[in-house]
Amino acid sequence: MVCKILCILLFLIVLALAMRLFSLRRGLLLIRKDLKEINDEGISLRHLTAESPDTHLQELAGEINRYIDASFAKSRMESMREQEILAEITNISHDLRTPLTSISGYLELIGEEELSQEQKENLDVVQRRTAYLNQLIAQLYEYSRLENRELPLKQERLDITHLFKEHILAFYGEFEKAGLKLTLRLTDEPLWVSADENGLLRIFHNLTSNCLKYGQKEASISLECTAGRAVLTFRNHAEGFTEKDAEQIFHRFYRKDASRNAQGSGLGMSVAKLLAEQMGGRLDARLEEGMLAIRLLLPCADKSADT
């Protein structure tokens with residue numbers, strides 16, 4: 001009799017533990033499901049649900065919810081701050097354009113006067129610095145407008161093969177000046193993409209300029225259609241370039257040479273990446289056997305679409 005009672009008690013204890021374990025497992029699965037959905041959606045103000053009588057599990061969900069609240073508030077503050085900075089950049093860039101235009105005009109007037117050789121050399125330095133500052137301000141203005149999606153892009157059906165061939169033809173002399181042996185591997189077939197023509201030409205210019213500035217000895221450019229996408233790839237020797245550099249190349253103001261004497265503003269590649277993404281494409285960079293490969297990928301347009 002005693003043995004039977006003990007067996008019943010043991011059975012009830014095991015049953016209670018099994019039910020508790022089932023409840024805990026169900027609660028953990030719900031928390032995992034909610035966390036996965038929150039991660040898939042990105043940072044959002046959404047709380048976990050802990051449908052379990054276990055107080056420890058409820059406390060765990062509560063702590064995670066407090067973390068989500070803090071992360072959302074921090075993300076929102078950073079986003080607002082970023083927007084404020086971009087708005088300030090836009091305003092400052094716009095405000096600086098007028099005085100710089102006046103300065104450029106005055107410098108041209110000075111250049112028309114009779115000047116000594118030393119004065120001409122000094123004037124040339126000032127004019128080049130002014131032109132560089134104008135270019136930097138224009139890039140800042142363009143970048144901030146792109147980041148805020150204030151720059152309208154007109155998507156149309158374009159033959160990227162034809163456009164790029166016209167573009168690169170104008171740069172042959174620049175590659176010869178830079179001592180870069182250029183190899184082209186371009187398809188002869190039209191590759192139709194949906195893109196903004198001015199935006200696409202801007203990407204071409206920025207990628208070509210980057211290749212000319214940092215390429216060594218030789219460079220190659222290929223254009224092909226792969227898996228329904230037009231893929232334009234710039235490759236050049238990149239001595240001293242690391243995987244970290246390849247990851248950071250599209251960060252705004254990033255330059256391989258961080259010194260103040262380095263060429264460029266570091267915005268060209270950021271602008272190109274934003275343009276590519278806003279046209280439904282992608283821009284990426286990676287090291288391939290000592291070569292820096294930068295790829296522009298754009299979905300091919302429907303051949304049956306109207307031009």
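Counting heavy atoms from C-beta on, the side chains of S220 and R185 come closer than 4.5 Å. Contact check for R295 versus L232: no side-chain heavy atoms found under the 4.5 Å cut-off. At least one side-chain heavy atom of L207 sits under 4.5 Å from a side-chain heavy atom of M269. Side-chain atoms of R128 and V126, non-hydrogen and from C-beta on, never get closer than 4.5 Å to each other. For the pair C225/C300, a side-chain contact is recorded, criterion being any heavy-atom separation below 4.5 Å from C-beta on. L200 is listed as a side-chain neighbour of L163, based on a closest heavy-atom distance under 4.5 Å. Here the side chains of V271 and F250 are not in contact, with every heavy-atom distance at 4.5 Å or above.
Of all heavy-atom pairs spanning A276 and L296, the tightest one is CB-CD1, 3.8 Å. Minimum heavy-atom separation, A230 to V193: CB-CG1, 3.7 Å. Of all non-hydrogen atoms in A285 and I249, the two that sit nearest each other are CB-CG2, 3.8 Å. Closest approach of M279 and L298 over heavy atoms only: O-CD2, 4.4 Å. Nearest heavy atoms, G199 versus L275: O-CD1, 3.7 Å.
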Check the pair W192 / L158 against side-chain contact (heavy atoms from CB on, under 4.5 Å), numbers first and verdict last.
-> CA-CA 5 Å; W192 298 98; L158 300 169; 5.5 Å; no

side-chain contact (heavy atoms from CB on, under 4.5 Å) between L287 and M291: does it pass, once the steps are laid out?
-> CA-CA 6 Å; L287 282 179; M291 301 280 285; over 6 Å; no

So R282 and D284, salt bridge (Lys or Arg N to Asp or Glu O under 4.0 Å) or not? Walk me through it.
-> CA-CA 7 Å; R282 193 175 90 234; D284 61 33; 3.2 Å; yes

Any chance you could lay out the side-chain contact (heavy atoms from CB on, under 4.5 Å) test for C211 and F175, step after step, and finish with the verdict?
-> CA-CA 9 Å; C211 185; F175 278 92; 4.1 Å; yes

Salt bridge (Lys or Arg N to Asp or Glu O under 4.0 Å) assessment of D124 paired with R129 = CA-CA 9 Å; D124 182 59; R129 293 293 185 182; over 6 Å; no

Test side-chain contact (heavy atoms from CB on, under 4.5 Å) on L201 and F164 and set out the steps.
-> CA-CA 8 Å; L201 291 173; F164 186 74; over 6 Å; no

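Tested against T208, the residues L212, N206, N210 include a single side-chain contact (heavy atoms from CB on, under 4.5 Å) partner, L212.
Formation of a donor-acceptor pair under 3.5 Å by the D196 side chain with backbone atoms of Q155 is not found in this model. Listed for the T161 side chain is a donor-acceptor partner under 3.5 Å among the backbone atoms of E189. With hydrogens and angles ignored, the 3.5 Å screen pairs no side-chain donor or acceptor of T226 with any backbone N or O of R229. Within the 3.5 Å criterion, the main-chain N or O of S116 finds a donor-acceptor partner in the side chain of Q119.
Put simply, L180 and L186 are part of the same group of oily side chains (I, L, V, M, F, W, Y) that touch within less than 4.5 Å, one to the next. A continuous path of hydrophobic side-chain contacts links F171 to L292 [ILVMFWY only; heavy atoms under 4.5 Å]. At a threshold of 4.5 Å between side-chain heavy atoms, the hydrophobic network of Ile, Leu, Val, Met, Phe, Trp and Tyr places L107 and V125 in two separate groups.
More than 12 heavy-atom neighbours from other residues, nucleotides or ligands sit within 6.0 angstrom of NE2 on H237.
Of the inter-residue distances, the one linking E108 atom CD with I103 atom CD1 reads 12.5 Å to the nearest 0.5 angstrom. In this structure, L123 CG and E118 CD are separated by 12.5 Å, a value rounded to the nearest 0.5 Å. In this structure, CD in E113 is found 8.5 Å from CD1 in I110, a value given to the nearest 0.5 Å.
Salt bridge status for R235 with E288: present, with a side-chain N to carboxylate O gap under 4.0 Å. Electrostatic pairing of K165 and D159 does not count as a salt bridge here, judged by no charged N lying under 4.0 Å from a carboxylate O.
Members clustered with V231: L297, by chain and number, using a 4.5 Å side-chain heavy-atom cutoff among hydrophobic residues.
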